[in-house]
Amino acid sequence: MHMVKFKVRKLYGVNFSIAILSVIIMSWLLYPFAVSWVFPNSIRLGFILLWSTIFFWVSFSTVKIKFRPSALNKYERYFFIGIGIYFAFLFLATFVFNDGQLYYFMSYIMKYVFLIFLLLVLTKKHIVWSFRLYMYLCSVLVCFSMINIVGLYNQWWGLEELEILQGVEFPRVVWFSWSGYDGMARVFSDVPNFFRVQSYSIEPGSFALALLPAIYWAVFVEKNKFIQFILMSGLCATWSLGALLALVMVILLLVLIRPSFYKENILTLCFGVFLFLAGHWLLTQVVEPTVVEPTVVEPTVVESTVVESTVGDRSISLTHRVEELMTIRNFLNQSPEGAGAGEGRRSAQSSLSIGYGNVFVDAGVFGGLAYLIAYFILVIGVISRLWYYRKGDGLLCMAMYAIGFSLLTGAFFGFQREQPDASFWMMWILASFIVISKRVR
């Protein structure tokens with residue numbers, strides 16, 4: 001297939017690159033930074049309008065398109081085939097076996113439309129600048145959150161209670177501050193003012209997932225020790241076990257794929273693991289329960305769900321996920337065809353924090369298998385690409401490593417959080433990897 005060439009031009013004086021970066025940044029506000037949960041209509045509407053404007057701009061103007069669909073390697077082609085099969089079964093589960101809603105089905109579809117859109121318009125400059133801006137944004141959010149956490153613990157200031165609609169099925173009372181939703185999750189249940197960092201994400205684990213791509217970019221590309229320390233400190237303050245395991249996974253892959261990174265990158269990531277473990281051990285030894293009256297109210301209970309998590313007992317989270325696996329198995333035994341797009345959690349009457357499990361409940365046994373196989377193929381493709389360029393040292397090669405590990409981390413988090421394609425943010429990472437890996441020499 002021949003590459004389609006257009007002439008680049010501006011739209012009412014706006015540079016095309018700035019427009020692309022704007023829609024990418026706007027997608028971050030939907031997830032992992034849950035600004036859209038605070039303002040569910042305005043942020044989502046703003047993203048849709050901005051994206052639609054750029055889409056029509058590309059369609060009816062002379063914007064240069066550099067991506068060649070035929071350039072997809074076999075892993076990427078098999079991935080898209082698997083996703084196509086998944087959507088076929090999801091369609092059957094939604095509209096044939098159930099009386100589903102078109103909104104949820106189209107919501108899933110639009111993530112991949114956004115992926116294809118980015119594949120067509122992204123350039124090396126867009127990718128480098130978007131990840132660089134993302135790294136700086138995460139650094140600023142960590143600084144704000146850490147200051148706020150220290151201030152709350154020392155009772156230098158309090159929190160204002162706001163009742164907001166978070167974009168889910170029910171409104172609930174949350175603690176809102178200028179650094180985010182601090183106060184939703186305590187580190188220790190008996191220390192009332194000691195909170196986990198979560199910034200503007202809906203929970204600490206989501207913020208930890210958000211920080212990992214910024215850490216990879218700071219380690220592999222920017223090589224800025226100061227920013228690395230800030231980001232890793234923020235990661236430790238989330239108390240996210242999943243993030244720690246993801247970091248260990250990346251270290252092991254680096255040892256296998258590129259041991260030459262030992263002195264520079266591997267040791268830096270190992271320092272992050274050490275900081276995580278040592279800091280948490282120190283805090284568990286030093287922090288004592290306080291008798292001071294708490295400045296916050298008790299955790300809000302909504303529909304018998306306690307909106308607080310204590311880090312100390314990991315068995316609670318593990319037990320919960322094992323129970324979810326049993327729920328998924330029981331549901332599929334009764335309804336192997338699936339509940340339809342967006343109906344899995346409601347039909348199974350479970351929160352289903354295991355993202356891949358939610359896919360099975362939505363799309364059924366065969367749709368879930370197609371989805372799981374597709375992302376397994378994608379993971380193998382990413383690892384093979386990193387192995388192929390294990391001796392490269394240029395900017396694009398280092399960027400490919402940073403983005404590749406970000407993609408692997410998102411796939412890994414699917415075992416404990418949302419499925420990988422649940423956000424436009426993840427599609428930005430996937431599109432960036434596909435495009436940048438084609439530019440590496």
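All residue numbers refer to positions in the sequence shown, counting from 1.
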Euclidean distance, Leu211 CG relative to Ser206 OG, rounded to 0.5 Å: 11.0 Å
Non-neighbouring partners of Arg258 that pass salt bridge (charged side-chain N to carboxylate O under 4.0 Å, His left out), sequence neighbours left out: Asp393
Residues that Tyr78 engages under ring-ring contact (aromatic ring centres under 6.0 Å, His included), provided they are two or more places apart: none
Under the side-chain contact (heavy atoms from CB on, under 4.5 Å) test, residues paired with Ile227 that sit two or more places apart: Met135, Tyr136, Ser139, Ala218, Asn224, Leu231
Close side-chain approach of Leu430 to Ile434, heavy-atom, < 4.5 Å: yes
Reported CD1-to-CD1 distance for the pair Ile373 and Ile83, which is rounded to 0.5 angstrom: 11.0 Å
From CH2 (Trp428) to CG (Leu118), nearest 0.5 Å: 10.5 Å
Point-to-point distance, once rounded to the nearest 0.5 Å, from CD1 of Ile429 to OG of Ser406: 5.0 Å
Residues that Tyr388 engages under side-chain contact (heavy atoms from CB on, under 4.5 Å), provided they are two or more places apart: none
Heavy-atom side-chain contact between Phe207 and Val197 under 4.5 Å: yes
Plane angle bin for Phe131 and Tyr134 - parallel if under 30°, tilted between 30 and 60°, otherwise perpendicular: perpendicular
Student check: side-chain heavy atoms of Phe33 and Trp425 closer than 4.5 Å: no
Under the salt bridge (charged side-chain N to carboxylate O under 4.0 Å, His left out) test, residues paired with Arg390 that sit two or more places apart: none
Flag side-chain contact, heavy atom, 4.5 Å: Met232 against Val219: yes
Listed partners of Leu256 passing side-chain contact (heavy atoms from CB on, under 4.5 Å), at least two apart: none
Within the 6.0 Å centroid threshold, strictly below: Phe95 and Phe91: yes
Other residues, nucleotides, ligands: >12 heavy atoms within 6.0 Å of Lys223 NZ: yes
From Leu122 atom CG to Ile24 atom CD1, the distance as rounded to the nearest 0.5 Å: 5.0 Å
Summary of side-chain hydrogen bond (donor to acceptor under 3.5 Å, both in side chains) pairs that have at least one residue in residues 364-387, sequence neighbours excluded: Tyr112-Tyr375, Tyr371-Asp421
Minimum side-chain heavy-atom gap Phe433-Leu408 below 4.5 Å: no
side-chain hydrogen bond (donor to acceptor under 3.5 Å, both in side chains) contacts in which one or both residues fall within residues 91-107, not counting sequence neighbours: Ser107-Lys111
Verdict with supporting geometry, Phe261 and Tyr401, ring-ring contact (aromatic ring centres under 6.0 Å, His included): CA-CA 11 Å; Phe261 274 171; Tyr401 267 84; 5.7 Å; yes
Donor-acceptor pair, side chain of His280 and main chain of Cys236, under 3.5 angstrom: yes
Any Ser22 side-chain heavy atom under 4.5 Å of Leu50 side chain: yes
Ala210 versus Cys138, closest heavy-atom pair with distance: O-SG, 3.9 Å
Test salt bridge (charged side-chain N to carboxylate O under 4.0 Å, His left out) applied to Glu76 - qualifying residues, sequence neighbours left out: Lys438
Sequence-distant partners of Lys225, salt bridge (charged side-chain N to carboxylate O under 4.0 Å, His left out), two or more places apart: none
Residues Thr409 and Tyr216: side-chain donor-acceptor under 3.5 angstrom: yes
Aromatic ring proximity, centroids under 6.0 angstrom, Phe405 and Phe220: yes
Ala339: partners by side-chain contact (heavy atoms from CB on, under 4.5 Å), with sequence neighbours left out: Phe331, Glu343, Ser347
Ser145 side chain near Gln198 side chain, heavy-atom distance below 4.5 Å: no
Gap between atom CE of Met400 and atom CG of Leu395 - 0.5 Å precision: 12.0 Å
For Phe89, all residues meeting ring-ring contact (aromatic ring centres under 6.0 Å, His included), sequence neighbours excluded: Phe366
Parallel, tilted or perpendicular: rings of Phe114 and Trp51 (30°, 60°): perpendicular
